[in-house]
Structures are given as structure tokens and as C-alpha cells.
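These numbers were taken from a predicted model, which means no experiment stands behind them. Basis for what follows: all heavy atoms, side chains included, without hydrogens, waters or symmetry-related copies.
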Amino acid sequence: MRTAYRVLSTAVAVGAIFPVGLTPAHAADKVTAPVQVETAAWFWSAQVTGEIPETGVGYPAPVPTPASGVPAGGLPVAFKGDKDTDGTSKPDKETYLMWDVYFIPEGSYVDSFTFTLTLHPDAQQVSAPEVAVPGQPARGGQPPVVACVPDIGFGEAAGESFTLKPKDDCANQIFGTYDAATKSYTFDASTYAQDWVDGEVNNGLAIRNQDDEDDPFQLVFKGAADVKATIVYTPAEEEVVDPAPIDGGIVTPPLPPLPQTGSSGYVPQPVPQPVPQPAPQAPVVVQTRAPQPIVQAAATPLTASRGLSLLMWFAMIGGVLLLGTASLILGDPLEAAAGSRHRVRTTGRHRLNVPAGVPVRAPGTVRPRTV
């Protein structure tokens, strides 16, 4: 019976700590939502704007956008084979996308954020054919496309100059996965989406060629409305906040917003607040007692003498009696000794214990010397 009771108690305690049949809140509260592109732009290296340095002469008129081979609304990524001074591959056309993730509560956990770019069916897709050389890696084929982080934001643009585009940070570039069946590239940007939800600046992503690309290509994707993006996140737990502070049982209402006058000399006036009134209290009832007569106890010889207790008086009297009794029994030893010496000097033979027949010398006489 005792063993069964212990087993049952242990099961109840474990069940209270780890409820059976409940799924973790992290998995149950996940939210899946589509994400729309907020801003889309693409830039073209062939476009030159501004003025020629030291001459003040404007550059030639911009190249017409149709000459790029990009249909209206399309989003291109192209590489012509040019290299930068550090040996990296310079893009010829580059697309920038920014998503609206502001509806996600700050502090939420982003489980995944993916977006898909589909090739435009009416655009000419240019890429080198795949060539396999024995003993060497294959060249050509479907070109890789990566997503990098721009250093600043951007606005709507179509075929604008590279002088207006942001710079790219490709240290942690994301490679898109190509799907031949749907002719699309899918990117997993969960890490960057988590940064945006946590409050970091959302500059979107740059879609471009990789830094070590060797084969020229041009891909054109459908427009921003056809970019499919999905985010899965777990909302942050909301904190419970009291509606208003309570002072003395009275709820203080929130202050109204201050009017905006647009002038720096405006001084906000304090809003009068209701003064808390003390709660009514019951009258205090004082309990009184009837006056009691004071009885003066008669003083006795033992209790009236300097406030000594009866026990103390008995002790003192007993001590005196004890000393008196001892003095009667023992007597005065000095007085007894003095009397004895007096008798020795004045008494006769029997007091001195002198045997009979021995003459006693009288005081003041000289004992005769015998020859």
C-alpha cells in the first residue's frame, strides 16, 4: 500500500511539471504568412548619368531601356565578363528587392523566410552551354545567382545608372536553388529576416552574379508582383500591463495627447486630475470602566518598615538569634583566660599542684642555697 502511494504521488508530481499530451508552445503558435515585395529596382551599368569631370559637359542621353533586352516590369541579373581591380566579377545588371515584414511583432522568432524568382517567359535568357572537359570541372550551364546585403536603401528604379545603386556586401551571400521544372530560383533568407524582425535596418537584398563568375549570362525574372515569399514565425509573448495605476482605490485615467501647434514656444498645460477622497470611517468607540474604590491596606510592623518583605525580616531575626545563642554557649575566651591567670597568682598549693611537704616560697623571699 505504501509503495503504491509513493508511485501515485510521483506520477502526479511529474504530470504537474510536464503535462501529458500538450505540445510545445513554440510549435503550436507558429504563423505562416505571405510577404509582399515593398520596393523593387534594377540598375544597368550601361547607363551613365551626371557630368564629365572637369568639363561640366553632360553625358550623352541615357540608353533606352528596351535596348537592355529586359521587358517592361522584368527584373534582370546579368554578367558580361568584366572583372574589377580586385579580380571579382562586376555585374552588368542587378536587381534589388525589399519586403514588408513590419507586421511581424518585434521579438518574434523567424522559423523560415524563403522567396522564389521565376524566369520571365517573354524575355530572352542567355547563358553559356554546359561543357564538360575530362579532368576539369564543367563550365557553363544554368548560371548561379546569389543574394547579397546592400549597404543602404533604394527606391523604385528600372535601368538606372550604377552610380545610384547601393554597394553590396557578399561576405555571407545566399545561393539560389534552381528548379528546372518551374524554371525558378528559390532563396532561403531566414537569417536576414530575423535581423529585420529584431529591429535592424531593412535594406532588402541584392540579386546578382557571384563574385567569382567566369561565364557571361543574362537572366530576366518576372516582376515584383510575381515574387513569391513566405515567412513562418512564432510571435513573441505579449506582456500583461495594467490599464492604469491605482491610487487609494481611484483609477487614474491616462493623460490626453498634447496638441501639436508646430511652434517651439508651446508650453503644455497640466491636466487637472481628480483628488482622491478618503473613504468614510466608522466612529471610534471608547470602552470605559466604572471607577473602582481604592482600598488602603493596613500597615503592619513587618510590612511598614522601609518596605522590607516579611521573608527578609524573618531572615534577619533568625540571624540575630543564632548569633546570640552561639555567644551564650561558647562564652568569651579572653575573659576566661584572664581569670585563670589571676587565680594562679593568688591561690594556694592546690591551685599550683605542689606536693605536700614542699615548702612554698613566699613572694619577695630568696630561696636559701644548700651546700
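Contacts of Pro216 classified as side-chain contact (heavy atoms from CB on, under 4.5 Å), with partners at least two apart in sequence or in another chain: none.
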For this session: Apply side-chain contact (heavy atoms from CB on, under 4.5 Å) to the pair Val149 and Asn172, showing each step before the final yes or no.
Result: CA-CA 8 Å; Val149 180; Asn172 298 312; over 6 Å; no

Problem set entry | Derivation of the side-chain contact (heavy atoms from CB on, under 4.5 Å) call for Leu75 and Ile207 | CA-CA 9 Å; Leu75 301 173; Ile207 314 300; over 6 Å; no

Exercise. Passes side-chain contact (heavy atoms from CB on, under 4.5 Å), Leu117 versus Leu97? Steps please.
Worked result: CA-CA 11 Å; Leu117 301 176; Leu97 299 174; 3.8 Å; yes

Problem set entry | Full working for side-chain contact (heavy atoms from CB on, under 4.5 Å) between Ser184 and Lys228 | CA-CA 11 Å; Ser184 62; Lys228 305 299 181 183; over 6 Å; no

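Note that CZ of Phe217 and NZ of Lys93 are 11.0 Å apart. Values are rounded to the nearest 0.5 Å. Atom CG of Asp111 sits about 9.0 Å away from atom CD of Gln194, to the nearest 0.5 Å. Ile104 contributes atom CD1, which lies 10.5 Å from atom CG of Asp198 (distance to the nearest 0.5 angstrom). Rounding to the nearest 0.5 Å gives a distance of 8.5 Å between OG of Ser190 and OH of Tyr109.
Cluster annotation: Val110 and Val232 are assigned to distinct hydrophobic clusters (Ile/Leu/Val/Met/Phe/Trp/Tyr, side-chain heavy-atom contacts under 4.5 Å, transitive). Linking ILVMFWY residues whenever their side-chain heavy atoms come closer than 4.5 Å, directly or via other members, leaves Ile152 and Met98 in distinct clusters. The hydrophobic clustering, which links ILVMFWY residues whose side-chain heavy atoms are closer than 4.5 Å, places Val227 and Tyr102 apart. In the hydrophobic clustering of this structure, Val31 groups with Trp99; members are Ile, Leu, Val, Met, Phe, Trp, Tyr whose side-chain heavy atoms approach within less than 4.5 Å, directly or through other members. Linking ILVMFWY residues whenever their side-chain heavy atoms come closer than 4.5 Å, directly or via other members, places Leu164 and Tyr96 in the same cluster.
No hydrogens or angles considered: a donor-acceptor pair under 3.5 Å links the side chains of Thr186 and Thr116. A side-chain donor-acceptor contact under 3.5 Å links Asp92 and Ser45. Looking at Thr88 and Lys83, their side chains never bring a donor and an acceptor atom within 3.5 Å of each other. Side chains of Asn203 and Tyr192: no donor on one and acceptor on the other come within 3.5 Å.
Cluster partners of Val146, by chain and number: Phe175. The rule joins Ile, Leu, Val, Met, Phe, Trp and Tyr whenever side-chain heavy atoms lie under 4.5 Å apart.
Taking the six-membered ring for Trp and thresholds of 30 and 60 degrees, Phe113 and Trp196 have ring planes more than 60 degrees apart, a perpendicular arrangement.
Taking 4.0 Å as the cut-off between side-chain N and carboxylate O, Lys222 and Asp122 do not count as a salt-bridged pair.
Aromatic pair Phe187/Phe115: centroids less than 6.0 angstrom apart.
In this structure, Tyr185 and Pro143 approach most closely via the heavy-atom pair OH-O, 2.7 Å.
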